[in-house]
Asks: 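Dropping the structure in here first, questions after.
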Amino acid sequence: MAGFFTRGIILEQRKEPALRRKLRTFLNANYANMLFESDLPCDGAELFGEEIIEIARLARIIDERDGMFLHEKLEKARQMEAKVLVGDAIDDEPYVSSQLNPLLFLQKEAGEGLRLAAKAVGNPKIYFAIYKNLSDVDLKTKLPKKIEGVEIRRIHGRYPAEFRTMDDFDGQGPTVLVGICSLIHLYRAVYEHRIQSTCFVTVAGRCVANPTNLEVSIGMTPTQLFERCGLAEEPGYVVVGGSMTGEVCPDPDSYLVGTMSRAVLALRDEEKKRRYQCVGCGRCAEVCPENLTPFYINRYIEQGRYEELAFYDIHRCIGCGTCSYICPAKIDIAQNIKQAKAEMAKNRQKKEADENAAV
């Protein structure tokens with residue numbers, strides 16, 4: 001229970017009924033033809049570790065949890081001699097279950113995909129990881145202790161628990177986390193020689209008539225997904241990427257869903273669009289899992305004093321969104337920090353380019 005005494009926030013999960021509903025597909029007509037050519041056998045037992053990594057490269061698989069190419073992650077884990085490989089299905093943001101739902105409904109693909117990844121890395125210990133504090137889910141009846149013979153570790157603690165997952169495997173050696181969806185795509189790449197052309201997305205929110213997890217073709221729009229699930233009422237705003245870390249989508253007709261979208265939410269109220277002055281309550285600092293002082297950081301961002309931000313360790317921000325969630329003034333501090341970091345990186349690159357040109 002130590003995780004409850006760490007910084008962060010306890011969130012109402014709101015995962016049902018999407019979590020318990022069967023995973024549905026919504027694919028383009030060309031899905032059947034999205035294959036790659038290879039002389040490697042379509043059998044994991046006959047493949048060497050290097051060949052599995054090569055198949056992940058040919059399939060262009062992207063890990064949904066961090067946007068890294070799977071073959072690069074596996075190669076890096078192999079070089080660092082990882083001792084633990086974890087299939088990440090933690091999904092600790094409200095509404096989102098686009099990793100946990102595929103784990104439950106595509107158990108064979110997920111289990112075999114994890115074993116294939118482990119073989120590529122060098123056969124470390126393997127686990128699945130899920131979020132323990134799912135307040136609206138009966139863990140005993142809905143979630144098993146093992147899937148395909150692989151132990152499930154239940155990560156506890158306040159949001160953002162996913163960033164503290166490594167603590168649960170402390171002492172076992174170098175640990176690598178891989179997204180469940182990328183493991184499912186690895187299974188398909190090995191046994192079907194299939195290129196990754198789909199992603200898994202939770203379509204939910206108070207305005208969605210039938211909250212559901214979908215496997216959809218990459219490049220579809222939020223509007224198309226809402227047509228599939230139905231809208232009970234016109235949403236006040238649409239969020240892509242999760243209720244905590246996602247961004248408001250101003251044009252659901254043109255935004256393209258990708259491998260890291262994770263969720264498309266149609267929400268009712270307009271609070272995310274409101275903006276008030278900071279009242280200096282300090283709640284954002286109390287919950288920040290990285291022990292930052294977001295209200296000071298945000299103040300300097302608003303004043304354009306980017307040179308002061310390094311003193312407040314802005315680079316340590318993990319983008320979890322707890323500061324924005326807890327802020328009584330409804331200031332989107334997390335988004336301001338994200339934009340400031342991007343602007344600082346752009347300025348740094350320009351400065352380096354100017355210095356190189358001068359030389």
Side-chain angles (χ1 to χ4, degrees), residues 18-19 21-38 42 55-71 88-89 91 93 95-110 112-113 178-205 207-231 235 238-242 245-247 249-266:
L19 175 58
R21 288 178 171 166
K22 187 175 181 180
L23 178 69
R24 296 161 60 189
T25 57
F26 188 27
L27 309 175
N28 289 330
N30 63 348
Y31 172 77
N33 300 321
M34 298 296 289
L35 306 175
F36 61 87
E37 295 183 2
S38 175
C42 297
I55 287 176
R57 185 188 69 80
L58 291 172
R60 302 197 289 271
I61 301 171
I62 295 176
D63 191 328
E64 74 279 1
R65 69 182 306 277
D66 54 18
M68 187 174 181
F69 278 109
L70 182 61
H71 74 273
D88 178 4
D91 281 339
E93 290 192 59
Y95 296 109
V96 182
S97 55
S98 55
Q99 289 179 309
L100 182 54
N101 178 271
L103 174 62
L104 296 177
F105 286 97
L106 299 175
Q107 295 188 14
K108 179 181 177 181
E109 291 90 329
E112 183 62 20
V178 182
I180 287 294
C181 302
S182 66
L183 296 174
I184 293 170
H185 289 300
L186 179 61
Y187 171 88
R188 295 172 179 175
V190 168
Y191 286 95
E192 303 173 18
H193 282 183
R194 183 167 298 283
I195 296 171
Q196 181 182 357
S197 61
T198 66
C199 57
F200 297 87
V201 181
T202 301
V203 182
C207 297
V208 175
N210 296 293
T212 310
N213 281 282
L214 298 176
E215 180 179 1
V216 305
S217 293
I218 294 171
M220 287 188 171
T221 66
T223 297
Q224 288 176 301
L225 305 192
F226 291 143
E227 289 174 352
R228 178 71 168 173
C229 298
L231 287 175
V238 172
V239 173
V240 176
T245 58
E247 297 182 358
C249 175
D251 187 3
D253 293 327
S254 61
Y255 186 94
L256 302 182
V257 171
T259 54
M260 295 182 66
S261 295
R262 300 284 290 275
V264 176
L265 309 177

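Residue indices begin at 1 and follow the sequence shown.
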Asks: Restricting to side-chain hydrogen bond (donor to acceptor under 3.5 Å, both in side chains), what partner residues turn up for E227, sequence neighbours left out?
Replies: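 By the side-chain hydrogen bond (donor to acceptor under 3.5 Å, both in side chains) rule, E227 matches no residue at all.
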Asks: Residues two or more places apart in sequence or in another chain: which of them pass ring pair (Phe, Tyr, Trp, His ring centres under 6.0 Å) with F105?
Replies: none
Asks: Would you list the pairs meeting salt bridge (charged side-chain N to carboxylate O under 4.0 Å, His left out) in which at least one residue belongs to residues 190-204, sequence neighbours left out?
Replies: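 Listed once each, the pairs are E192-R194.
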Asks: Do you know which two heavy atoms are closest between L103 and A110, and how far apart they sit?
Replies: CD1-CB, 3.8 Å
Asks: Got a sec, which residues hit salt bridge (Lys or Arg N to Asp or Glu O under 4.0 Å) with E215, two or more places apart in sequence or on another chain?
Replies: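 Applying salt bridge (Lys or Arg N to Asp or Glu O under 4.0 Å) to E215 gives R188.
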Asks: Please evaluate residues L19 and N101 with respect to the criterion side chain to side chain contact (heavy atoms under 4.5 Å, CB included), reporting the C-alpha separation (whole Å), side-chain torsions for both, the decisive distance (0.1 Å), and the verdict.
Replies: CA-CA 6 Å; L19 175 58; N101 178 271; 4.2 Å; yes
Asks: Less than 4.5 Å apart, any side-chain heavy atom of T202 and any of V264?
Replies: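 Side-chain contact under 4.5 Å: no.
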Asks: Who pairs with F69 by ring pair (Phe, Tyr, Trp, His ring centres under 6.0 Å), at least two apart in sequence or on another chain?
Replies: H71
Asks: With side chains defined as the heavy atoms from C-beta onward, is the minimum distance between N30 and S197 less than 4.5 Å?
Replies: no
Asks: Establish, from distance only, whether the side-chain atoms of T245 and E93 form a donor-acceptor pair under 3.5 Å.
Replies: yes
Asks: Is there a donor-acceptor pair under 3.5 Å between the side chain of E112 and the backbone N or O of E109?
Replies: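 Not confirmed, E112 side chain does not pair with E109 backbone.
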Asks: For residues 21-28, dump all side-chain donor-acceptor pairs below 3.5 Å to protein atoms at least two apart in sequence or in another chain.
Replies:
unit_1 : atom_1 : unit_2 : atom_2 : d
R21    : NH1    : P211   : O      : 2.9

